[in-house]
Amino acid sequence: ASSASAQTNPVPTGKSGVLSIQPISAMLTVYSGEGELAINRSVTLGVGATYWDAGSLGADNASYLSGDFKVRYYPEAHALQGFSFGGSVGLTRVSESDTLSQTSPSIGVLLEYSWLLGASRSFYVAAGLGAKAVFVNTDDFEDITARYPTARLSVGFAF
């Protein structure tokens, strides 16, 4: 009976999704949350949102608000845990003041590692690096950066 149930479950851990936040980056005024669902043993689809108040780092009133769709590939066929790489596409609104803002498409790349911890393997931790490009007209802004590195240290709940 156990081998039959293992064959019907597309994810080895029995977990098919994750909801996570990035609490450490919130200390730097980068607020981020994400949901990720396994569609098979090696691929997940996700959606994430991030708000970054870059003014806290010296950029006068600059902020970024983005929403992204993400796809990750787990080469070891353990979706939601282990090494993954992937990409993102979305929209990003950049603002430099209350009157100057622009919403543009964005793309990104991701290299990450994640763990499912605890007796029930429901505690999720992920760390990763990447890069993002926002297709915004930088000539209209003084303090907006259209290409920048990204980092992730997320905690969450796997279900």
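Positions are given from 1 along the sequence.
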Inset, instruction - Show your reasoning for whether side-chain contact (heavy atoms from CB on, under 4.5 Å) applies to Leu19 and Tyr124. - result: CA-CA 9 Å; Leu19 293 174; Tyr124 174 80; over 6 Å; no
Between [X] (side chain) and [Y] (backbone), is there a donor-acceptor pair under 3.5 Å?
{"X": "Thr92", "Y": "Ser66", "value": "no"}
{"X": "Lys70", "Y": "Thr44", "value": "no"}
{"X": "Glu36", "Y": "Leu80", "value": "no"}
{"X": "Ser25", "Y": "Val30", "value": "yes"}

Legend entry - Lys132 and its side chain to side chain contact (heavy atoms under 4.5 Å, CB included) partner, picked from Val109, Thr145, Asp68: Asp68
Inset, instruction - Walk me through it: do Leu116 and Phe123 pass the test side-chain contact (heavy atoms from CB on, under 4.5 Å)? - result: CA-CA 6 Å; Leu116 294 175; Phe123 186 72; over 6 Å; no
Can you tell me how far apart [atom1] ([X]) and [atom2] ([Y]) are? Round to the nearest 0.5 Å.
{"X": "Ser154", "Y": "Gln22", "atom1": "OG", "atom2": "CD", "answer": "4.0 Å"}
{"X": "Ile39", "Y": "Ser16", "atom1": "CD1", "atom2": "OG", "answer": "12.5 Å"}
{"X": "Trp115", "Y": "Arg121", "atom1": "CH2", "atom2": "CZ", "answer": "13.0 Å"}
{"X": "Thr103", "Y": "Leu91", "atom1": "OG1", "atom2": "CG", "answer": "7.0 Å"}
{"X": "Ser84", "Y": "Tyr73", "atom1": "OG", "atom2": "OH", "answer": "11.5 Å"}
{"X": "Ser120", "Y": "Lys15", "atom1": "OG", "atom2": "NZ", "answer": "5.0 Å"}

Inset, instruction - Please work out whether the ring planes of Phe83 and Phe85 are parallel, tilted or perpendicular, with thresholds of 30° and 60°. - result: tilted
Inset, instruction - Could you check whether the rings of Tyr31 and Tyr51 sit parallel, tilted or perpendicular, using 30° and 60° as the cut-offs? - result: parallel
Inset, instruction - Output, in order, the C-alpha distance, side-chain angles, deciding distance and verdict of side chain to side chain donor-acceptor pair (under 3.5 Å) for Ser95 and Arg93. - result: CA-CA 7 Å; Ser95 301; Arg93 188 189 84 207; 3.2 Å; yes
Legend entry - Within 6.0 Å of CZ in Phe135, more than 12 heavy atoms from elsewhere: yes
Legend entry - Leu117 atom CG, over 12 foreign heavy atoms within 6.0 Å: yes
Inset, instruction - Spell out, yes or no, whether Tyr113 and Leu153 are grouped together once hydrophobic residues are joined by side-chain heavy atoms under 4.5 Å, including indirect joins. - result: no
